[in-house]
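Data first, discussion second: the structure below is written as structure tokens.
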Protein chains: 2
Amino acid sequence: MSDPDISSPPTARDVAKRAGVSVITVSRVMRSAPNVSPAMRDKVRAAALELGYRPNRVAGALRARETGLVAVIVPSMSHSVFPEVIDGIDHGLSGTSLRTVLGITHYDQAREAAILHDLIAWNPAAVIISGLEHHPDVHAMLAGASCPVVEVMDVDGDPIDLCVGTSQQEAGELMAAHLVETGRRRIGYVGAWGERPDRSRKRREAFAAALTRRGLDLAVHIEDAPSSLKTGRAGCAAILAEHPDLDAIHFANDDLALGALFHCRENGIRVPEDIGLAGFNGIELVGMITPRLTTIANPRFEMGICAARMLSRRLNSEYSEGDQDAQVSLPAGDTWHLPLHLSKGDTT
Amino acid sequence: MSDPDISSPPTARDVAKRAGVSVITVSRVMRSAPNVSPAMRDKVRAAALELGYRPNRVAGALRARETGLVAVIVPSMSHSVFPEVIDGIDHGLSGTSLRTVLGITHYDQAREAAILHDLIAWNPAAVIISGLEHHPDVHAMLAGASCPVVEVMDVDGDPIDLCVGTSQQEAGELMAAHLVETGRRRIGYVGAWGERPDRSRKRREAFAAALTRRGLDLAVHIEDAPSSLKTGRAGCAAILAEHPDLDAIHFANDDLALGALFHCRENGIRVPEDIGLAGFNGIELVGMITPRLTTIANPRFEMGICAARMLSRRLNSEYSEGDQDAQVSLPAGDTWHLPLHLSKGDTT
DNA sequence: CTTTTGATTGGTATCGTTATCAATTTGGAT
DNA sequence: ATCCAAATTGATAACGATACCAATCAAAAG
């Protein structure tokens, strides 16, 4: 009849007409739904191919009330940590029909709320969000969400629903024990950017408490700038200016600690003889440089994988294609606590 | 009438009933469409708030035929380069109503095609994809897409639509000129992972050609493993084993070059006296370590920004909220060629 | 040969919103 | 007061797919 090429993209209706079948049959074929005869399938597939038909998922999502979208909300892409978590999520989601929609908050709570508001309007199959502390509005939206919510990164707090991460409490304790055991007594801590995200503050508090239990004080210095090598260098210089007698400094992350290492090297401060340095995260670089940096390995990629796995299980029936291994199903509201371990380098 | 709390989330219909107006008016208020009286707006807003109404964007997208989703397809999240581009895109898109949907191909062309197929089914407002070389299916889908397509990263080739990036040709030439000018004559090149993505191959070929024009040969070694410090160390060892007399090595990226730097340090090879090392990308670390690594600064974040800006202009009328600066509008099919510059360090 | 069962196929309504156009109201110009 | 244009509101019909249920058909059971 009318020109099929110039008009808008073909719909199931067009394919149905072409193949001489009903629209619903086209729908069934495209979704690989059961109870379609092979002959019919081939006929419809051929017609679809000829017309270049592509099902419109927006329409499908509306009717079926399921988008298969996973809203992933992270504070930043500047550090390698969140990309690695996202990579893990992507790995864990492969084999399902779920897709990632990304939101970056830039550590801004108002923005976090706006983004979540926006993403929830898409009726996502799940939300994965970083951290356990949120803006009240965000908390309310998550609690009221009609889909599973996974809070990733830390487990010290009250999860709304699902949770995967490592214990900041444990991290602080681990590092305190290590530094004290290796003879350090005058210990400092350097953080950055007003201790965003919150979990770095939790870790510092746990670290300080662990030292207190051992009868030691903690000198704290927080830089304003975001974490970077440069900030670490500045932070190291600053805390040493105020507390010249420190014999060890723990940094909020490896980037800061590496910056500090460069500061020490440039200023003739011997590491670990004059001062011990330690970071957090366990990025690849720390094991390559000389001296190797002491740090705590934080399984970022695995967290992403686990978050995706928890979702796959929860949403099981709907999205699994290649079925997952039939493990013990997790009770609702459960959390997955991943292990941390100290990676002893040459700097302590 | 019937319990509104237990049933499914409220719709525009519910709000309309509550406020005593028509559904279309609710729609207009929620979209901040023009021609709504202040009194009406307040009344509807109040009703929406009471019911906790949230417009369903899936339905809206279906009827309005616009999702406001931007499909972003990158090969990897493991290197910092793509997260930085994504960060740039996110920055450039802020202030518009566009949202990022992410696809990670893991350098797998089949996967790239599958992901694109999937994302296009969402009727995105735009596609941003990495690189200019694609699987034939991918090329066809992009060419046939009914939305703008931005190819980011490199500009050496035939863009399908919009394009933002730097010239790999120029990069190769720039580094060849630098090394020859600083007296290097026996030059090697180390790449990784079968030279994925393609632009690293282009860069190597341009580098080799530029050396040829200057009457010099190039020793090439490609590692199988993905780029990392470890791979760089191994690659450096391997190429030196085969060509012990090299006086300079150019690496496909900074990670490899840094790994090589560690190899040299561990093996008593003096840099830059015995050998010159140079990378590509300009990551923060190269300027912090001693010796500072010579590299070419590749504006990754800016590429993301520019990609988003090009889209904002093209899609202007539909999505701009705070209006962009009225600049010269770019003709269709135009490409944005960003400048590269050599960052001279201490390793050459 | 009839009845029953299960596998295929199709008709119709609907998901929740917005485009389109018609109806109504308001305010100013004549 | 009368009329016309602009502003405001509403009724209706999509958008393109899938859920639900009815109808048909072939094969198995009696």
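Remember, it's a predicted structure, so these values are computed and weren't measured experimentally. Just so we're on the same page: letters track the sequence lines, and every chain starts at 1. Values below: all heavy atoms of this structure, side chains included; hydrogens, waters and symmetry mates excluded.
- A sub-4.0 Å separation between OP1 or OP2 of D:dG10 and a side-chain N or O of B:Ser22 is present.
- At a cut-off of 3.5 angstrom, counting only N and O atoms as typed in the model, there is no donor on one side facing an acceptor on the other between the side-chain of A:Arg54 and the base of D:dG16.
- Residue whose closest nucleotide on DNA chain D sits further toward the 5' end, between B:Val36 and B:Ala64: B:Val36.
- Regarding contacts with the backbone of C:dT18, a side-chain N or O of B:Arg31 is found under 4.0 angstrom from either OP1 or OP2.
- Using modelled atom types and a 3.5 Å distance limit, the side chains of B:Asp90 and A:His106 yield a donor-acceptor pair.
- Across the protein-nucleic acid pair, B:Asn123 atom CG and D:dG16 atom P stand 9 Å apart, rounded to whole Å.
- Across the protein-nucleic acid pair, B:Arg41 atom CZ and D:dT9 atom C1' stand 14 Å apart, rounded to whole Å.
- The side chain of A:Thr25 contributes no N or O atom lying less than 4.0 Å from OP1 or OP2 of C:dT8.
- Between the B:His91 side chain and the B:Asp87 main chain, a donor and an acceptor come within less than 3.5 Å of each other.
- Using a 4.5 Å heavy-atom threshold, the side chains of B:Tyr107 and B:Glu112 count as separate.
- Nearest to the side chain of A:Thr11, among C:dG16, C:dA19, D:dG16, sits D:dG16.
- Residue whose closest nucleotide on DNA chain D sits further toward the 5' end, between B:Ile24 and A:Asn56: B:Ile24.
- The interatomic distance linking B:Asp42 (CG) with D:dT9 (P) rounds to 12 Å, in whole Å.
- One interatomic measurement links the two molecules: CG of B:Leu62 to C1' of D:dA17, which rounds to 8 Å at whole-angstrom precision.
- Within the 4.0 angstrom heavy-atom criterion, only backbone atoms of the sugar-phosphate kind lie near A:Val21; the bases stay farther away.
- With hydrogens and angles left out, the side-chain atoms of A:Arg41 and A:Ser37 include no donor and acceptor closer than 3.5 Å.
- When the P atom of C:dT14 is taken as reference, atom CZ of B:Arg13 falls 10 Å away, rounded to whole Å.
- Between the side chains of A:His134 and A:Glu151, at least one donor N or O lies within less than 3.5 Å of an accepting N or O.
- If you take CD of A:Glu66 and P of D:dA17, they are 16 Å apart, rounded to a whole angstrom.
- Looking at heavy-atom distances under 4.0 Å, B:Pro55 makes contact with sugar-phosphate atoms alone, never a base.
- Across C:dC15, D:dG10, D:dT8, the shortest atom-to-atom separation from the side chain of A:Arg63 is found for C:dC15.
- The CG atom of A:Asn35 sits 6 Å away from the P atom of C:dA7 (whole-angstrom rounding).
- With hydrogens and angles ignored, no donor-acceptor pair closer than 3.5 Å exists between the side chain of A:Arg57 and the base of D:dG16.
- Of the side-chain N and O atoms in A:Ser37, one or more sit less than 4.0 angstrom from OP1 or OP2 of C:dT9.
- Within 4.0 Å of A:Met40, counting heavy atoms only, lie sugar-phosphate atoms of the nucleic acid but no base atom.
- At distances below 3.5 Å, at least one donor-acceptor pair connects side-chain atoms of B:Thr67 with backbone N or O atoms of B:Asn123.
- Atom-to-atom, CZ of B:Arg65 to C1' of D:dA13 comes out at 14 Å; the value is rounded to the nearest Å.
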